[in-house]
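Protein chains get the first letters and strands the later ones, always in sequence-line order, with residue 1 at the start of each. Note that the coordinates shown come from a computational prediction; the quantities given were computed from them, not determined experimentally.
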Protein chains: 2
Amino acid sequence: MKKITMKDVADKAGVSKSTVSQYINNRYEYMAPATKERIENAIEELGYVPNYVAKSLKQKKTATIGVIVANMLHSFTTEIIRVIEDTCNQNDFHIFVCNADDNPEKEQAYITMLMAKQVDGLIIFPTMGNRELYKQLKKAQFPVVFIDRKVEPVLFPTFMLDNDKTSELAVERFIKRGRTKICLVGQSIESGITPRIERIGGYKKALFHNGLHVNEKWIITGDSDGINQQLQSLWQDEEARPNAFFAINGMAALNLLLFLKEHSIHIPEDVSVITMDDSPFLAASSPAITVVAQPNSQMGIDTANMMIGLIGNPELKKEYQVFRYPPTLIERESV
Amino acid sequence: MKKITMKDVADKAGVSKSTVSQYINNRYEYMAPATKERIENAIEELGYVPNYVAKSLKQKKTATIGVIVANMLHSFTTEIIRVIEDTCNQNDFHIFVCNADDNPEKEQAYITMLMAKQVDGLIIFPTMGNRELYKQLKKAQFPVVFIDRKVEPVLFPTFMLDNDKTSELAVERFIKRGRTKICLVGQSIESGITPRIERIGGYKKALFHNGLHVNEKWIITGDSDGINQQLQSLWQDEEARPNAFFAINGMAALNLLLFLKEHSIHIPEDVSVITMDDSPFLAASSPAITVVAQPNSQMGIDTANMMIGLIGNPELKKEYQVFRYPPTLIERESV
DNA sequence: CTGAAAGCGCTAACAT
DNA sequence: ATGTTAGCGCTTTCAG
């Protein structure tokens, strides 16, 4: 089963390749209606599909955007990918999604691979471990947009949640309810991932503004095991027990919920809980969990549009501002 | 910022393009060490990245596999994508993921697009709406593998859950607990999506084998609204009330859980619940939900390996068997 | 309105 | 051990 090429269509229709090319690219202006029809039929009969690889080579553009996500098992991520895909499709771009798994080496390998594949631009949830590479991309004036996390200096347009506000929303909700012994639970901040650091910063600021002091013991970060152990030991000391928990991401929320369940600590009677990254299950669970949600769709749409704009006019500014999005509190039953 | 090509490297190293090509493709056999080093340096200094588009055009293969998923917001889907990506990467293939959104037209557009991009093969979660297209792919002997759903006749290797067994596991667990008024909840079966149909079939068989009769009112399918309404009206009639619910996918589970919550129907005191598609949240909720889980990783690995095998030796058989995977019951607190 | 021809960046015989 | 050459399938001037 030989591949059908443009030449086959041209031969069958009795015209030259270039005329077929015109047809494929919807430039019928000066084409005789009869010619057009003959080409149409030939394509139909042969089942011809144009070869984008050849087209891309010639045009030096692929109409595809590489998307490198930090963790694609996260619903936050998939929701954003989905709107990015929609927005790109509307503008005749395709996206090539890669999962860096929060691993800088994988990220680097994917960036190189996507460049080799000649993508027209890159949307990245940066791992924070490839500053040098980002600089090179900037020097090459390659279109890049960051989302969710920022890398200093801000070489590329960056779209992020207002993480300070996020923590403020949670803390003030707890205070309103009269719970001031507030514990924050999150994943490791060792690799310097901005949202985590900013949310902790925002938590401290919010406590301060409300005249509460920061208890370092009430800032728990780590992997599943680490979080669990710290939760355990924190709970030993009855004096030190918090009466409210703010989980700053889905994984931390899970560990927290599991811990509370195991120890038969009741929500909201014993402790209040607010988590981030809404999931339908959080609304369906008992009690339904109050969350701070982020405007995923808008962030995805804006990111994609910025990317498309950059591809159209790849003149990068020296430095960029970070675009911030306001979080919202979705009140349910856990506070 | 001009793109660096192989010619630039060749000039700089004082060799010909073909020698550079040899180097790039790790064929150093007959290459003088000095030459190798000069090329190495030239590449380094120039920051040369090979152009895969040109390579693909020449070699008539792209080392990329297209993956068309039915719904990428589903955790079942993302988990499988992840292992497919890993398996492909280990074999030096890349994957291009597209989200058909359970829409046959989108699926068709993506198939055409991916063919145009010259992918070497296609892994598809089929929407069931493109039988003709599948036949054409078969006729062209194009490597395709189906996952999750089957299309009759089985033109391509197909990897699926043993859906009969799935329902049997749930039904028998309910019976063991003494709950025989078992209601099944699922999404619409109008478009003929196999897992849904098979799970309903399996449910009926399991009831029959256990001497229970099938009550059509206890088979609820539809979209969120539809499920909700049917649940409402079913619950009106106290005589007809089931005492066990089997939700055959994540979305149905959500609707069910929400309904039970709203009506303060307690799990497991009032009704038993088993759902499908495990999610960490199901383990953390109160009560923790018993689920029937599928071996996602194994299915993904086998699917990817089959695809890679097919690409290596694209001789499709006339017809294929369906590879079935056994589900497992994860007992928690909801039965 | 249509055709001829050059070339995108790379690979793979085939020479040397 | 390295260079020469002929395309891969398409687009795009430029002629006619």
Donor-acceptor pair present, A/S18 side chain and C/dA4 base, under 3.5 Å: yes
Side chain to side chain, A/N103 and A/T127, heavy atoms closer than 4.5 Å: no
Atom pair distance, as rounded to whole Å: NZ in A/K61 and P in D/dT12: 8 Å
Atom pair distance, as rounded to whole Å: CG in B/N25 and P in C/dA12: 7 Å
Working for side-chain hydrogen bond (donor to acceptor under 3.5 Å, both in side chains), residues B/Y325 and B/D302: CA-CA 11 Å; B/Y325 291 79; B/D302 293 351; 2.4 Å; yes
N/O (side chain, B/Q59) to phosphate O (OP1/OP2, C/dA12) under 4.0 Å: yes
Distance in angstrom units between A/Q22 CD and C/dT2 P, rounded: 10 Å
Rounded distance (Å) that lies between atom C1' of D/dA1 and atom CD of B/E37: 17 Å
Closest to the A/T19 side chain, choosing from D/dT11, C/dT2, C/dG9: C/dT2
Short side-chain N/O contact from B/S16 to OP1 or OP2 of D/dT4, under 4.0 Å: no
A/Y23 six-ring face occupied by A/K36 cation (under 6.0 Å, within 45°): no
A/Y48 side chain near D/dG9 phosphate (N/O to OP1/OP2, under 4.0 Å): no
Aromatic ring pairing B/F96/A/F96, orientation class (parallel under 30°, perpendicular over 60°, tilted between): perpendicular
Distance, rounded to the nearest Å, where A/M6 contributes CE and D/dT12 contributes P: 11 Å
Presence of B/K17 side-chain N/O under 4.0 Å of D/dT5 phosphate oxygens OP1/OP2: no
Side-chain donor/acceptor of A/T77 to backbone N/O of A/N71, under 3.5 Å: yes
Distance test, side-chain N/O of B/K60 to OP1/OP2 of D/dG9, below 4.0 Å: yes
d(CG, A/D11; P, C/dG3) in whole Å: 11 Å
Sole candidate of A/V53, A/T64, A/N51 that passes side-chain contact (heavy atoms from CB on, under 4.5 Å) when paired with B/K117: A/T64
Residue closer to the 5' end of DNA chain D, A/I4 versus B/G14 (nearest nucleotide): B/G14
Parallel, tilted or perpendicular, as decided by the 30° and 60° cut-offs, for the rings of B/F156 and B/F146: perpendicular
Spacing of B/Y23 atom OH relative to C/dT11 atom P, expressed in whole Å: 14 Å
Gap between atoms CD1 and C1', on B/I24 and C/dC10 respectively (whole Å): 10 Å
Nucleic acid contacts of residues 50-58 of chain B, taken as heavy-atom distances under 4.0 Å to DNA chain C: B/P50, B/N51, B/A54, B/K55, B/K58
Side-chain N or O of A/R27 closer than 4.0 Å to phosphate OP1/OP2 of D/dT11: no
